[in-house]
Amino acid sequence: MVDVAVEYKAECFRGDRLAVHVSAADPGRFGCDFCYLVTKLGTDTVAAKAKTGILFFDYGTRKPVPMSEKFKIKTGL
C-alpha cells in the first residue's frame with residue numbers, strides 16, 4: 001500500500017451494521033487503486049469513502065513488478 005485517503009461522512013456507533021463495498025480502479029503498469037464505500041445497512045447513509053493505492057512489489061528483488069494478468073481478470077481491470 002503506497003497511500004490511503006479516508007473521508008468520513010456520517011457517525012457510526014457500536015452496534016451499527018455496516019456494508020463495505022470494494023472496487024478496483026485506475027489501473028497502471030505497477031498498481032491500481034482500491035476504492036471503498038461504507039454504508040449503514042438498511043439505509044442510504046454513506047458512513048465513509050476511502051481509497052488505497054496499491055503497488056505490486058517483489059520483496060526479493062526490492063522492485064515494483066507489473067500487474068499480473070490473473071489479477072486483471074479477477075478484478076475486471
Side-chain angles (χ1 to χ4, degrees):
M1 184 184 318
V2 294
D3 67 3
V4 63
V6 180
E7 183 180 358
Y8 297 102
K9 305 296 270 179
E11 286 184 304
C12 295
F13 300 94
R14 185 176 154 198
D16 286 349
R17 295 188 55 183
L18 305 174
V20 180
H21 307 272
V22 183
S23 62
D26 298 327
R29 183 165 180 223
F30 297 107
C32 65
D33 289 339
F34 287 160
C35 301
Y36 310 86
L37 179 67
V38 182
T39 58
K40 291 186 179 187
L41 281 178
T43 73
D44 292 330
T45 303
V46 175
K49 294 179 181 181
K51 178 207 78 93
T52 53
I54 303 300
L55 175 72
F56 297 95
F57 193 79
D58 182 332
Y59 285 92
T61 63
R62 309 289 302 159
K63 293 182 180 180
V65 294
M67 184 185 311
S68 73
E69 288 302 316
K70 185 176 181 180
F71 183 84
K72 288 179 191 176
I73 292 167
K74 289 239 180 217
T75 59
L77 291 175

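FYI, side chains are in, hydrogens and waters are out, and symmetry mates aren't considered; it's all heavy atoms of this structure. If you're wondering where the values come from, they're calculated on a predicted model, not measured in any experiment.
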Could you tell me which residues satisfy ring-ring contact (aromatic ring centres under 6.0 Å, His included) with Tyr36, sequence neighbours excluded, listed by chain and number?
-> none
Could I get the full list of side-chain hydrogen bond (donor to acceptor under 3.5 Å, both in side chains) partners for Glu11, not counting sequence neighbours?
-> none
Taking all non-hydrogen atoms of both residues, which atom of [X] and which atom of [Y] are closest, and how far apart?
| X | Y | result |
| --- | --- | --- |
| Ile54 | Val2 | N-CG2, 4.4 Å |
| Thr52 | Val4 | CG2-CG2, 3.7 Å |
| Cys32 | Met67 | CB-CE, 4.1 Å |

Under 4.5 Å side-chain linkage, directly or through intermediates, the cluster mates of Val46 = Leu37
Which salt bridge (Lys or Arg N to Asp or Glu O under 4.0 Å) pairs, counting each pair once, include a residue from residues 20-37, with sequence neighbours left out?
-> Asp33-Lys51
If the plane angle is over 60° it's perpendicular, under 30° parallel, otherwise tilted; pick one for Phe71 and Phe56.
-> perpendicular
Please check if atom CZ in Phe57 has more than 12 non-hydrogen atoms from other residues, nucleotides or ligands closer than 6.0 Å.
-> yes
Consider only side-chain heavy atoms of I, L, V, M, F, W and Y, link residues closer than 4.5 Å, and tell whether Val22 and Val38 are in one cluster.
-> yes
Following the transitive rule for hydrophobic clusters with a side-chain heavy-atom cut-off under 4.5 Å over Ile, Leu, Val, Met, Phe, Trp and Tyr, establish whether Phe13 and Leu41 coincide in one cluster.
-> no
If only atom types and distance count, is the side chain of Asp58 paired as donor or acceptor with the main-chain N or O of Val65 below 3.5 Å?
-> no
Can you find a pair of side-chain heavy atoms, one from Ser23 and one from Phe34, that are under 4.5 Å apart?
-> no
Taken in chain and number order and not counting sequence neighbours, the residues that satisfy salt bridge (charged side-chain N to carboxylate O under 4.0 Å, His left out) with Asp16 are Lys40
Pairs in or reaching into residues 65-77: which pass side-chain hydrogen bond (donor to acceptor under 3.5 Å, both in side chains), with residues at least two apart or in two chains?
-> Glu69-Lys72
